[in-house]
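What you see is a predicted model, and the numbers here were worked out from it, not measured in a lab. Note on naming: letters A, B, ... go to the chains in the order of the sequence lines (proteins, then strands), and numbering restarts at 1 for each one.
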Protein chains: 2
Amino acid sequence: MKRTSRDIRVANRFEVLRRILGAGPVARQEIAADTGLSLATVSNLVGELLQADLLEEVGYQDSGGGRPRALVAVRRSAGMLAGVDVAETYVHVEIFDTALRVLASVEEPLHPSQESSPAQIVAHIVSSLRAAADRAGVGPEGLMGVGVSVPGQIDRAGGVSVFAPNWDWHDVPLRAQLAEHIGVPLYLDNPLRAGVLAELWFGAGRGRDDVAVLTLGTGVGAGLAVRGQLYRGATNSAGEWGHTNLVMDGRPCRCGSHGCVEAYVGAPGIMARLREIAPDSPLLRPGDQTATIDALASAYHAGDPVATAVVAETARYLAVAIADLINILNPEVVVLSSWVAAKLGEPLLARARALLGRHALSRPLANTEIVLCRIEGNPVSLGAATFALEGYLERIGGQVTAAATRPRGHRR
Amino acid sequence: MKRTSRDIRVANRFEVLRRILGAGPVARQEIAADTGLSLATVSNLVGELLQADLLEEVGYQDSGGGRPRALVAVRRSAGMLAGVDVAETYVHVEIFDTALRVLASVEEPLHPSQESSPAQIVAHIVSSLRAAADRAGVGPEGLMGVGVSVPGQIDRAGGVSVFAPNWDWHDVPLRAQLAEHIGVPLYLDNPLRAGVLAELWFGAGRGRDDVAVLTLGTGVGAGLAVRGQLYRGATNSAGEWGHTNLVMDGRPCRCGSHGCVEAYVGAPGIMARLREIAPDSPLLRPGDQTATIDALASAYHAGDPVATAVVAETARYLAVAIADLINILNPEVVVLSSWVAAKLGEPLLARARALLGRHALSRPLANTEIVLCRIEGNPVSLGAATFALEGYLERIGGQVTAAATRPRGHRR
DNA sequence: ACTGTTTACTCTAGGTAATGCACGAAAGCG
DNA sequence: CGCTTTCGTGCATTACCTAGAGTAAACAGT
């Protein structure tokens, strides 16, 4: 692992921009105090970002007798980024401004049975990206970068979908295929990693070193961050928490193994539990996970005993699985994300919390914050766009150091 | 996580010394090629280490017509380090030379029922350290540093044993108490972290980024390394793999939970299995884990069906638990260490390997090497001494750059 | 208005690191 | 005794971060 001083610079650049994004208009002094960097360095980095037109000075803050503090904020019109979330049943594209606020979004459905070839998926990505960019008033070539999240295992550096079980893809050079249609920098990765990036920049992971972001949806997994940076593992497939063991020789899992976490706390697992508890329940919508989870959520809030039993039992499994993660990784914060967490997260987490003490070691547990994802909109497309933002930040800067902000044009 | 250029320097210093320790006498050129550092930088770092007397030039290598390459090696007489492994039933001290070869070792037994106060343990550490240093021909004050591994959770920076379940210690300021008797730098941590440090410097973890070292003994746990560095987690308690779930509502574990990995693959767990399979087996030595595991090992090699069944069943559990770790962490290498692995590791690993494919995802599994610990002697005291070595390396250097090795005193 | 005070920012110098390049060192070869 | 080859190191350069000096922009009291 070759480390260079450039890495420090880039990390500091990330950090400064993150603070500004998180705190809105903010003074240099405050950034310096928060990051522990010297004021000179912050001033330098801010100058760099100002010159790159990513920031602007937006006002002044009285400082009680002295020179007022200039407040810097992200120049939202500096450019646009796109984040693409490709899932089994849809392609979701969002266009963001440089403050990562959604400007436009487009979703196209996918029909898993008929649409599974790379060419078809690529066509959907390209067409929905064009449509979204159009709505945001920019040509696709005007974007600063595009991040794409696709399920499965990704060779990020090569831009290759190494293996996507849902479409049975093997070594599909997705980035190259997309590059034929899109002439801006492309970043490919998977939803777990996009999710953790979104939390690190905009969610509960801000300013934290060690983070686990649990994706609770149809599939289940964890995105991990270590020392403030996304952790990928040896082959970019760390975080497959959904396929760790929960019950020896338990339910079969779609991964081929038995007793995986996913088989118990993923949406199909929850449906199976509902079927076990009440085979004829009207809450059960065969073939429709979303509707079933929705029905469970509203029945739970209405006090329905079947829904309560399903939630309680699911929380029992979830608690054990979260405890495992806490014991192994000792993270500062664990975030529950994705659609099952959005719909059922609150009762699941409340009940799981009460059980965690039975399984997690008490000291790591006491030092771990467990929260629901608070990011509005789709964290995966946000995270994908953040890959593009990071890529852009890595490219800027260099020889720019001196006298970047000379003409101030101050009031009066 | 504040990163500074000093960290880079220290990391490079570690890396260079690691190569020299691993490869024996080696030329600067080779180090540069291996590490990717420029020859100038390597020369600079080597000069620094030469001036600190940690290295010496030991010979020359013909280079076919040109100036011969000078070979540098560790000057083993440069000083001594101590590593202390404190366990439930013994205190084991080893004195090492600067190449981390054992010069002397002393072991004192502990009687857990009578000796559990910090003062008693400290007395044992101090007395055995004095005895060992004496055998190595050095006063305890002549050591370059002492690393101490004690079980439980450690506040490394503060040198405090935060919690040690076996002695029911809470917040014992062990380093301060030891410092009253030992006037050299002291480093406190736990066996999991010592074990992974030993593997990173001297074992299967050399040159690897992401490593998991499994400790299979009475207790079970994992030491983790990420990006080539020990991973501690938020409160220095990452790696408690032994207390992750293997069987929902399974065997009670001494941690208070149920169904933990430790309860199935730790030595007491293996004994319990033997008792289940053959309650009257002569292999069973009640109250003596070591003898029982020894008996199992030799019976296994003699083809005994009971021992075979016990090993096979244990391997089933071990395979699942290792698969979990591979799926979550995607490490490059997994090392099986500690005394159960030493005695029974070969058959356990052979059988577990055959089962791993059923539980671990195939691509991460295919990229993970799983090996037995090849370190001779006690990896925990070696790792503890390595903490002291790292501390020493962090302190040296600074203004030393110029003309360090001028008088060469070349042959002829 | 003027002067001092306070606070914010920037510039310069200095320290640390890595590295490319050139030159001296140390061989072998004719 | 040059000539060639290959090492190793000093020096200059570049790229970081930081302390501290200096400058800018306010306010307060004469």
remark   = Testing C:dC9, D:dC16, C:dA17 for proximity to the side chain of B:R9, the answer is C:dA17
remark   = Taken to the nearest whole Å, CZ/B:R13 to P/C:dT16 is 12 Å
query = Separation of A:R67 atom CZ from D:dA26 atom P, in whole Å?
reply = 8 Å
message = Which nucleotide wins on minimum distance to the side chain of A:P68, given the candidates D:dA25, C:dA27, D:dT9?
response = D:dA25
inquiry  = Does C:dC9 have its OP1 or OP2 closer than 4.0 Å to a side-chain nitrogen or oxygen of A:R28?
reply    = yes
task = Take the protein atom CD of A:E48 and the nucleotide atom C1' of D:dA15, then report the distance between them rounded to whole Å.
result = 12 Å
remark   = In numerical order, the residues of residues 29-38 of chain B whose heavy atoms come under 4.0 Å of DNA chain C are B:L37, B:S38
task = For B:E15 and C:dA17, give me the distance from atom CD to atom C1', rounded to whole Å.
result = 17 Å
message = Quick test of your reading of the model: are A:R69 and A:E57 salt-bridged, counting only N-O distances below 4.0 Å?
response = no
inquiry  = Is a donor from one side chain sitting under 3.5 angstrom from an acceptor on the other, for B:N330 and A:R232?
reply    = no
request  = Nearest-nucleotide wise, let me know which of B:A40 and A:A27 is further upstream toward the 5' end of DNA chain C.
outcome  = A:A27
ask   = Is it true that A:R208 and A:E199 make a salt bridge, defined as a side-chain N closer than 4.0 Å to a carboxylate O?
value = no
query = How about B:V10 and B:E15: do any of their side-chain heavy atoms sit closer than 4.5 Å?
reply = no
key: Atom pair distance, as rounded to whole Å: CG in B:D62 and P in D:dT5   = 15 Å
request  = Using whole Å, report how far CD1 of A:I8 lies from C1' of D:dC17.
outcome  = 8 Å
task = Examine D:dT18: is either OP1 or OP2 under 4.0 Å from a nitrogen or oxygen in the side chain of A:T41? Give yes or no.
result = yes
ask   = Rounding to a whole Å, what distance do you find between A:L45:CG and D:dA15:C1'?
value = 13 Å
request  = Mind calculating the distance between CD (B:Q61) and C1' (C:dG28) to the nearest angstrom?
outcome  = 16 Å
message = Between A:R69 and C:dA8, is there a contact of a side-chain N or O with OP1 or OP2 at under 4.0 Å?
response = yes
ask   = Would you say a side-chain N or O of A:N44 is under 4.0 Å from OP1 or OP2 of D:dC17?
value = no
ask   = Is any side-chain nitrogen or oxygen of A:R6 closer than 4.0 Å to OP1 or OP2 of D:dA15?
value = no
ask   = Are B:N12 and B:T41 linked by a side-chain donor-acceptor pair shorter than 3.5 Å?
value = no
query = More 5' along DNA chain D: B:L39 or A:N12, using each one's nearest nucleotide?
reply = B:L39
inquiry  = Return the CG to OG1 distance between B:L49 and B:T98, rounded to the nearest 0.5 Å.
reply    = 11.0 Å
Validation row: A:Y231, B:V226 side chains within 4.5 angstrom (heavy atoms) = yes
